[in-house]
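Reviewing the structure listed below.
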Amino acid sequence: MIWIFNSASIYIGTDRERFQVIRNYLDQEHISYKYKVRNRLGQWIGRGTLRSARGSLGNSAENMYEYEILVNKKDVQRINI
């Protein structure tokens, strides 16, 4: 089981295709993992979200989400991506 104390982040980025490739690889190798998806424009600042304060004009839809993949620290050596 992956906990905060025994996990290591192997990917943090905004590329959804790369995120899917890594997840498929981990599934094929039977390596357990957790993932997080963060909406970068939905972050709360003060009285509202970043999007409500500044708008989303000029921000690419591709960069709106940030993906993170976590694996157990003992499995990091098994990953060859």
Side-chain angles (χ1 to χ4, degrees):
M1 180 169 272
I2 299 172
W3 296 85
I4 192 167
F5 300 112
N6 70 349
S7 65
S9 179
I10 61 166
Y11 176 75
I12 299 175
T14 59
D15 187 359
R16 183 177 174 181
E17 291 177 14
R18 180 80 174 141
F19 174 69
Q20 289 296 342
V21 167
I22 294 171
R23 286 185 59 205
N24 290 338
Y25 172 80
L26 294 173
D27 285 336
Q28 289 175 356
E29 296 296 320
H30 304 289
I31 298 173
S32 62
Y33 64 92
K34 290 175 75 173
Y35 66 91
K36 298 179 185 178
V37 180
R38 295 181 194 93
N39 184 341
R40 295 172 60 191
L41 294 178
Q43 296 173 350
W44 284 90
I45 56 168
R47 299 176 72 183
T49 63
L50 185 61
R51 185 179 319 145
S52 68
R54 298 186 183 154
S56 60
L57 184 63
N59 292 322
S60 171
E62 297 169 353
N63 294 331
M64 186 181 304
Y65 294 100
E66 181 179 72
Y67 305 98
E68 180 177 12
I69 300 175
L70 302 154
V71 297
N72 197 318
K73 285 182 183 177
K74 66 179 182 174
D75 292 330
V76 172
Q77 294 90 9
R78 293 178 46 198
I79 300 171
N80 295 322
I81 299 175

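As the structure is a prediction and not an experimental result, all values here were calculated from the model.
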Original post:
Do Tyr33 and Ile10 belong together in a cluster built from hydrophobic side chains that touch within less than 4.5 Å?
Top reply: yes
Original post:
Looking at CG of Asp75 and CD1 of Ile31, how far apart are the two atoms once the value is rounded to the nearest 0.5 Å?
Top reply: 5.5 Å
**OP:** Evaluate the ring planes of Tyr35 and Phe19, with Trp represented by its six-membered ring, and classify them as parallel (under 30°), tilted (30 to 60°) or perpendicular (over 60°).
**Re:** perpendicular
Subject >> Reported CD-to-CG distance for the pair Gln20 and Asp27, which is rounded to 0.5 angstrom >> reply: 9.5 Å
Subject >> Heavy-atom pair of closest approach, residues Arg38 and Lys36 >> reply: NH2-CD, 3.6 Å
**OP:** Give the C-alpha distance, both sets of side-chain angles, the deciding distance and a yes or no for side-chain contact (heavy atoms from CB on, under 4.5 Å) between Ile79 and Leu26.
**Re:** CA-CA 8 Å; Ile79 300 171; Leu26 294 173; 4.0 Å; yes
Original post:
Between Tyr25 and Asn80, is there a donor-acceptor pair closer than 3.5 Å when you use the side chain of the first and the backbone of the second?
Top reply: yes
**OP:** Using side chain to side chain contact (heavy atoms under 4.5 Å, CB included) as the criterion, point out the one residue from Arg18, Arg23, Glu68 that pairs with Tyr11.
**Re:** Arg18
Original post:
If Ile, Leu, Val, Met, Phe, Trp and Tyr residues are connected whenever their side-chain heavy atoms lie under 4.5 Å apart, and connections chain through other members, are Val71 and Val37 in the same group?
Top reply: yes
Original post:
Looking only at heavy atoms, which two atoms of Lys73 and Ser7 are closest? And how far apart?
Top reply: CE-O, 3.5 Å
Original post:
When hydrophobic residues are tied together by side-chain contacts of less than 4.5 Å, even through go-betweens, does Ile12 share a cluster with Val76?
Top reply: no
Subject >> Crowding at CD, Glu17 (>12 non-hydrogen neighbours, <6.0 Å) >> reply: no
Original post:
What is the minimum heavy-atom distance between Tyr67 and Thr14, and which atoms define it?
Top reply: CE1-O, 3.7 Å
